[in-house]
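Numbered from 1 within each chain, the chains take letters A, B, ... in sequence-line order.
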Amino acid sequence: MNNKQEQQENHLQEEVPGGVPIKMWTRGVPVEDAARRQLANAARLPIVFKHIAAMPDVHLGIGATVGSVIPTLRAIIPAAVGVDIGCGMMAAKTTLRAEDLPDNLAPLRSAIERAVPHGRAPGARDPGAWGKVPGSVDTAWAQLEPEFSELCRDYPKLAKTNHRNHLGTLGSGNHFIEVCLDEDGAVWFMLHSGSRGVGNAIGTMFIELAKQDALRHNANLPDRDLAYFEEGARYFGDYVRAVGWAQKFAALNRELMMRRVIEAAKTVIRKNFQSHIEAVNCHHNYVQKERHFGEEVYVTRKGAVSAKAGQLGIIPGSMGARSYIVRGKGNPESFESCSHGAGRVMSRGDAKRQFTLADHRAATEGVECRKDKDVLDETPAAYKDIDAVMAAQQDLVEVLHTLKQVVCVKG
DNA sequence: ATGTCC
């Protein structure tokens with residue numbers, strides 16, 4: 001990476017017997033053997049086009065590897081998209097400066113927590129859903145409703161999911177809302193969420209249908225989770241419609257939350273300010289039709305972000321680390337993609353066993369965020385070093401802004 | 001990540 005030639009050919013290539021090659025942007029970052037084996041499984045599918053690209057945050061997932069880009073010809077693997085359809089990031093720059101923020105950030109964090117439902121349903125009362133759906137959410141739902149009703153005619157179980165009452169809500173796990181400062185002291189708001197319960201139901205249902213289809217047709221798959229629909233087959237068109245709809249839901253979900261976060265901030269910050277001076281809203285878990293190497297292909301980015309030339313993206317660090325607003329370089333070899341974060345180095349269970357609350361408090365010093373034992377699985381040390389991850393993808397993106405969080409709300 | 005009726 002120290003000279004021009006290496007920057008142009010920054011990736012490593014692995015040949016897969018009986019499959020397409022794997023191109024890996026993982027110079028200087030650890031890759032588990034299990035993740036390599038999983039990438040090789042996908043590379044052996046007959047529908048994969050040209051090669052598979054692995055981003056520097058690559059790690060083991062279900063079926064397909066998180067941090068991979070899988071281009072397929074006239075077919076889609078629903079389990080590669082996964083259940084958190086349209087999961088992604090949104091960031092908005094404001095006219096606020098660091099010095100405009102109050103010394104005590106706890107009221108700002110509380111205001112955000114009150115404005116956006118978050119967390120997981122513990123029984124009858126669901127703090128992660130709307131008690132009463134706000135008017136702005138109702139208006140947004142009206143855009144989604146007609147296509148959803150059509151889907152429900154063919155797949156009635158989708159009607160029973162949380163949809164309208166989860167639009168504009170955060171969810172749980174690694175979904176979060178942050179207030180950040182960039183390298184010039186400008187205040188940004190940033191958040192991470194997806195298509196919530198309804199996207200999950202769509203993903204789960206079609207993954208199961210693909211597996212059943214594969215069994216019926218005796219498909220010779222290296223892993224049942226890599227079952228795919230081919231163009232023209234029974235569920236292909238329905239899946240394309242449903243996954244596209246869930247992706248729209250997810251993008252709108254983030255936009256609605258961002259608006260409410262800004263409104264909440266205006267109630268506790270005295271200075272008047274404007275938002276969306278620069279704004280990015282990007283999926284990192286999705287599929288869409290794109291043109292690469294002269295072919296129309298379905299590109300599944302599972303934990304990867306689109307990085308076409310000039311396109312803005314977001315690469316978040318973990319709780320205590322920096323995040324990046326990046327501009328794509330349109331590298332065709334990565335199918336114009338980059339990483340979606342730092343990537344885990346250990347499972348959630350291992351992190352909870354290995355780290356203490358004292359470790360976590362030290363790692364998140366100066367950040368107004370949760371410091372209890374239930375967020376130990378999200379502690380920065382459970383993730384790869386973000387500097388190494390960024391260095392490994394210099395030929396995919398350039399860094400425009402470096403963001404450091406000062407407030408973090410976890411689901 | 002989600003929801004808890006296989």
Side-chain angles (χ1 to χ4, degrees), chain A residues 57 59-68 77-90 116-131 148 151 155-177 191-209 211-212 215 224-225 242-243 245-254 257 282-287 300-304 316 318-319 340-344 346-349 351-352 370 374-378 382-383 408-411:
Chain A
D57 57 343
H59 60 278
L60 195 67
I62 296 169
T65 321
V66 180
S68 69
I77 310 160
V81 181
V83 294
D84 197 359
I85 298 169
C87 185
M89 300 288 311
M90 178 158 184
V116 180
H118 58 282
R120 192 168 149 274
R125 253 206 192 155
D126 185 351
W130 294 110
F148 185 65
L151 283 169
Y155 304 94
K157 73 167 90 161
L158 295 178
K160 294 183 191 148
T161 58
N162 281 314
H163 36 80
R164 177 171 154 274
N165 62 335
H166 269 180
L167 184 58
T169 72
L170 186 65
S172 60
N174 62 1
H175 290 167
F176 62 79
I177 302 171
L191 56 88
H192 175 217
S193 186
S195 55
R196 311 288 282 103
V198 63
N200 188 297
I202 288 170
T204 305
M205 182 177 70
F206 281 101
I207 288 167
E208 191 50 39
L209 288 168
K211 284 183 185 177
Q212 289 170 10
L215 276 183
R224 272 196 73 202
D225 282 321
V243 80
W245 181 86
Q247 287 165 192
K248 270 186 240 166
F249 181 109
L252 201 48
N253 185 35
R254 290 190 289 270
M257 279 189 280
C282 60
H283 299 312
H284 53 221
N285 220 34
Y286 70 112
V287 61
T300 298
R301 295 192 176 88
K302 186 185 184 71
S318 49
M319 281 174 109
H340 83 312
R344 299 195 74 86
M346 66 184 77
S347 71
R348 291 179 184 280
K352 287 196 176 187
R370 277 174 60 183
D374 291 339
V375 293
L376 279 181
D377 55 339
E378 286 289 318
Y383 287 86
C408 177
V409 173
K410 282 275 183 190

Any side-chain N or O of A/Asn162 below 4.0 angstrom from OP1/OP2 of B/dG3? yes

Tell me whether A/Asp84 is salt-bridged to A/Arg196, with the criterion being a basic N under 4.0 Å from an acidic carboxylate O. no

Grab the NE2-P distance between A/His175 and B/dG3 for me, whole Å please. 12 Å

Once you round it to whole Å, what is the distance between C1' of B/dG3 and CD1 of A/Ile202? 16 Å

Could you walk me through whether A/Thr65 and A/Leu60 pass side-chain contact (heavy atoms from CB on, under 4.5 Å), step by step? CA-CA 5 Å; A/Thr65 321; A/Leu60 195 67; 5.7 Å; no

Measure CD/A/Glu208 against C1'/B/dC6 and give the value in whole Å, please. 11 Å

Calculate the interatomic distance between A/Ile207 atom CD1 and B/dT2 atom P; express it in whole Å. 14 Å

How long is the line joining NZ of A/Lys160 and P of B/dT4, in whole Å? 11 Å

Does some side-chain heavy atom of A/Val116 sit less than 4.5 Å from a side-chain heavy atom of A/Ile177? yes

OP1, OP2 of B/dT2 versus side-chain N and O of A/Ser172: anything below 4.0 Å? yes

Roughly how far apart are A/Arg254 CZ and A/Cys282 SG, rounded to 0.5 Å? 7.0 Å

A/Phe249 atom CZ is separated from B/dT2 atom C1', nearest whole Å, by 12 Å

Checking all strands, does A/His166 fall into the base, sugar-phosphate, or nothing category for heavy-atom contacts under 4.0 angstrom? sugar-phosphate

Rounded to whole Å, please give me the gap between NE2 in A/His163 and P in B/dG3. 11 Å

Please state how far atom CG in A/Asn253 lies from atom P in B/dT2, giving the value in whole angstrom units. 10 Å

